[in-house]
Chemist: 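Please find one structure pasted underneath; my questions will follow.
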Number of protein chains: 2
Amino acid sequence: MASMKEIAQKAKVSQATVSRVLSGHPVVKPETRQNVLYWAKKLNYQPNAAARSLAGSSTNLLGIIFPEIANPFFSEILDALEEAANFEGYQILLNCTHKSIDREKNILNELKRHNVDGIITIPVSSDDSAQYYKALNLPVVVITKQMEGFNSISVSHYQGGQKIAQHLHSLGYQKVGYVGPVNQSTSSIKFQGFRDFIAEHDMELSDVIETPVPATIDSLVMYQTTKEYLNSYSLRSQALFANDDVTACDVIRALSEKGYSVPGDVAVIGFDNSLLAKKMYPSVSSLSQPLHEIGQQAVHLMLRILNGEQTEVSSYLLDTRVISRDSTVSTITA
Amino acid sequence: MASMKEIAQKAKVSQATVSRVLSGHPVVKPETRQNVLYWAKKLNYQPNAAARSLAGSSTNLLGIIFPEIANPFFSEILDALEEAANFEGYQILLNCTHKSIDREKNILNELKRHNVDGIITIPVSSDDSAQYYKALNLPVVVITKQMEGFNSISVSHYQGGQKIAQHLHSLGYQKVGYVGPVNQSTSSIKFQGFRDFIAEHDMELSDVIETPVPATIDSLVMYQTTKEYLNSYSLRSQALFANDDVTACDVIRALSEKGYSVPGDVAVIGFDNSLLAKKMYPSVSSLSQPLHEIGQQAVHLMLRILNGEQTEVSSYLLDTRVISRDSTVSTITA
DNA sequence: CAAGTAAATGAAAGCGTATTCATTGTTTCA
DNA sequence: TGAAACAATGAATACGCTTTCATTTACTTG
């Protein structure tokens, strides 16, 4: 690899001048600049990232922390994140917590030693993780959820739950149910919004199928829990709100296997509007989170922080909307 | 961040000795070692990656090059890759080509300047990409396909096509069809295996629905092409082989919308055994590629190369097997 | 035209580590 | 007991870059 030293020799200038040219420092005579650029190009010069980092400038490295990747919800965001970051000249260091806070701590150490310029993260826990991120003293952008004292890009899960209920209400469903975790942070907020809307309108929460938080995307626990519920109770709901699209798929399977037709007998609506909801047949209605935009905005927010254009901490909430598909239909007959 | 210098001061030894202890160099007196380790721990020492890199040792950085991430096929592999790499103490630098060879060239430059120890890649083109990888002079492991002159971890797509045909044959399907690209490298190999098996057994290739190669996972082009075909021709096949699981989903939708029941009227089988095939209802039969294993083995192969334990170039082909699900059923009546 | 100022560049230090080479202290063996 | 071999450590250098400070050159102005 060609170094600045070689360029300096060829161009008959000092290495300092080469550095100035290549880092866009203004005080260089145009002719000198041209000459240096000529040789840089000719030698296919690539700045050594380690040397740059060591010399104190930025690394153009962004640490990314996700719970897992195989989940389409996450991978779609990651896709957008990668695209935006690379467009802006940043490389991405990808790490998964698998929802373990110990793993998260280790990752933070790793990222620190690599001198990342900033971190974009889906933290393990909005409560417990905060202190470790604080201790880093690095720019952090939290996505898909909020964390006290940190910049974040997310959606209102409470409002999301409301919109789901509203959607079902507008289609004429009166008895509705919920499938998902009840005591987990994000899920319970969705559920709360859902319940609050129900309470304020002429609706009834007829079934609550509480599931554990699945460890991985391959987990069948939502399917199994739903199946067991259907074996034990007779379903009273006309429509079910599944906490996310993965759950929605599992619920549809459990329902179908028990002889319910979707949406004929029971409607189902998911959350996230991830790939699964789109590709399923019948396609699954869902609350759309702008996944691509979340990734993109996270990167742009990070850049603003790095450029000092944004100093105060703020949470951005992006818009959501219900995408109505095959799994929910109007029950209102003329 | 604490540096070796600080540890050296506290432990009253030279920085060189600290370096020796921390990099496991043997010639240090046990007491000295203990003392240094004590202080390293106490100061929560984290080695500076840039300095290490610059001083000539390895970076523990692995470059990863994928076409896209949002596709479940890729994201499942990525998940395994990340897990294995981190377990082995490596960080992952993630990049997407979006199937552009120019983008791929740029990525290679980026990775080079970051001094990655090696690259694990799904190259854009097995023919055109090779030269750029060669020029890097870095360890490279190709995955999910083969590239002349490079180490690779993949499956036999030809044999995969054969196995699909064999599966359909064993279930009693005689007239079968294919949906997918016809002139793209990997796809056409699958198709060839499929055709060859058909030719050698009492089967007939009744429909070929040629689709373009979709640009992204969100593309509806496979669905549209299938729909158009169904509008123009009457389907003669009893079973369709879809080039991958995403296509299989689209085919099922198109068929269902045209009034065909799956698998009642037409069976469908996919390729990859990705998340989509598992989560769909009815679930989709598919040829299972060991996605997790591909990721894991790629990392382990890379480590063997880096340790000099593997010097000659070789292609590893992992086992595949047909996963029979709801979308294919036996037509043989007793 | 001298003196002072601005523009352009070079020399050198420093970032944190690995590593070579030199040095010190300790042991071994003739 | 003296020299040689060895074990343990320190001093110093290099890696490629950014940045400060000093120097040179060119230009302005009274």
Side-chain angles (χ1 to χ4, degrees), chain A residues 1-37 39-40 43-61 89 91 109-117 306, chain B residues 1-37 39-40 43-61 89 91 109-117 306:
Chain A
M1 293 274 289
S3 68
M4 285 192 172
K5 202 171 154 191
E6 294 177 50
I7 298 179
Q9 287 168 350
K10 293 288 190 182
K12 300 197 201 309
V13 294
S14 76
Q15 179 263 339
T17 298
V18 176
S19 173
R20 279 189 274 256
V21 170
L22 296 176
S23 54
H25 210 66
V27 292
V28 184
K29 194 157 55 162
E31 309 153 41
T32 315
R33 152 165 284 121
Q34 288 312 311
N35 190 232
V36 168
L37 288 176
W39 283 106
L43 298 176
N44 185 31
Y45 171 76
Q46 300 289 345
N48 181 311
R52 276 207 167 157
S53 168
L54 200 53
S57 89
S58 68
T59 55
N60 279 35
L61 242 38
Q91 281 286 312
N109 274 334
E110 281 282 325
L111 294 181
K112 186 82 181 184
R113 76 164 64 159
H114 280 282
N115 298 306
V116 295
D117 289 342
L306 292 175
Chain B
M1 292 273 289
S3 68
M4 285 192 174
K5 201 170 153 191
E6 295 176 50
I7 297 179
Q9 287 168 350
K10 293 288 190 182
K12 300 194 200 309
V13 294
S14 74
Q15 174 266 331
T17 298
V18 175
S19 173
R20 278 188 274 256
V21 170
L22 296 176
S23 55
H25 214 281
V27 291
V28 184
K29 194 158 56 164
E31 309 152 39
T32 315
R33 151 165 284 117
Q34 288 312 312
N35 190 233
V36 168
L37 288 177
W39 283 105
L43 298 176
N44 185 31
Y45 171 76
Q46 300 288 346
N48 181 309
R52 277 207 167 158
S53 168
L54 197 54
S57 88
S58 68
T59 54
N60 279 35
L61 241 39
Q91 280 286 314
N109 274 335
E110 280 282 326
L111 294 181
K112 185 83 182 184
R113 75 165 64 159
H114 280 282
N115 297 307
V116 295
D117 290 341
L306 292 175

Chemist: Take the protein atom CD of B/Q34 and the nucleotide atom P of D/dT9, then report the distance between them rounded to whole Å.
Modeler: 13 Å
Chemist: Using OP1 and OP2 only, check whether a side-chain N or O of A/S19 sits under 4.0 Å from D/dT18.
Modeler: yes
Chemist: Could you tell me whether the side chain of A/V18 reaches within less than 4.5 Å of the side chain of A/W39, counting heavy atoms only?
Modeler: no
Chemist: B/E6 CD to C/dC15 P: how many Å, rounded?
Modeler: 11 Å
Chemist: Provide, to the nearest angstrom, the distance between the CD atom belonging to B/Q15 and the C1' atom belonging to C/dG14.
Modeler: 14 Å
Chemist: Mapping B/A51 and B/V28 to their closest nucleotides on DNA chain D, which lands nearer the 5' end?
Modeler: B/V28
Chemist: Is it the case that the side chains of A/N115 and A/T59 hold a donor-acceptor pair, with the cut-off being a distance below 3.5 Å and no angle test?
Modeler: no
Chemist: Distance check needed: C/dT9 P versus A/K12 NZ, whole Å only.
Modeler: 15 Å
Chemist: Does C/dT17 have its OP1 or OP2 closer than 4.0 Å to a side-chain nitrogen or oxygen of B/S23?
Modeler: no
Chemist: Would you mind reading off the distance between B/R33 atom CZ and D/dT9 atom P, rounded to a whole angstrom?
Modeler: 10 Å
Chemist: D/dG16 phosphate, OP1 or OP2: any side-chain N/O from A/R52 under 4.0 angstrom?
Modeler: no
Chemist: Taking only the side-chain nitrogens and oxygens of A/T17, find out if one of them lies under 4.0 Å from OP1 or OP2 of C/dT9.
Modeler: no
Chemist: Indicate the atoms forming the closest heavy-atom contact of B/R33 with B/H25, along with that distance.
Modeler: NH2-O, 3.0 Å
Chemist: Does B/S14 make a side-chain N or O approach to OP1 or OP2 of D/dT9 shorter than 4.0 Å?
Modeler: no
Chemist: Nearest-Å distance, CG (B/L54) to P (C/dA18)?
Modeler: 11 Å
Chemist: Touch check for A/S53, heavy atoms < 4.0 angstrom, all strands: base, sugar-phosphate only, or nothing?
Modeler: nothing
Chemist: Starting at NZ of B/K29 and ending at P of D/dC6, how long is that distance when rounded to a whole Å?
Modeler: 19 Å
Chemist: Given atom NE2 of A/H25 and atom P of D/dT18, what is their separation to the nearest angstrom?
Modeler: 11 Å
Chemist: Select from A/M1 and A/A16 the residue whose nearest nucleotide in DNA chain D is closer to the 5' end of that strand.
Modeler: A/M1
Chemist: Has B/R20 got a side-chain N or O lying under 4.0 Å from the OP1 or OP2 atom of C/dA18?
Modeler: no
Chemist: Considering all heavy atoms of both residues, which atom of B/A8 and which atom of B/S14 are nearest to each other, and what is their separation?
Modeler: CB-C, 3.8 Å
Chemist: For a quick test of reading the model, state the closest non-hydrogen atom pair linking B/D117 to B/S58 and the distance between them.
Modeler: OD2-CB, 3.4 Å
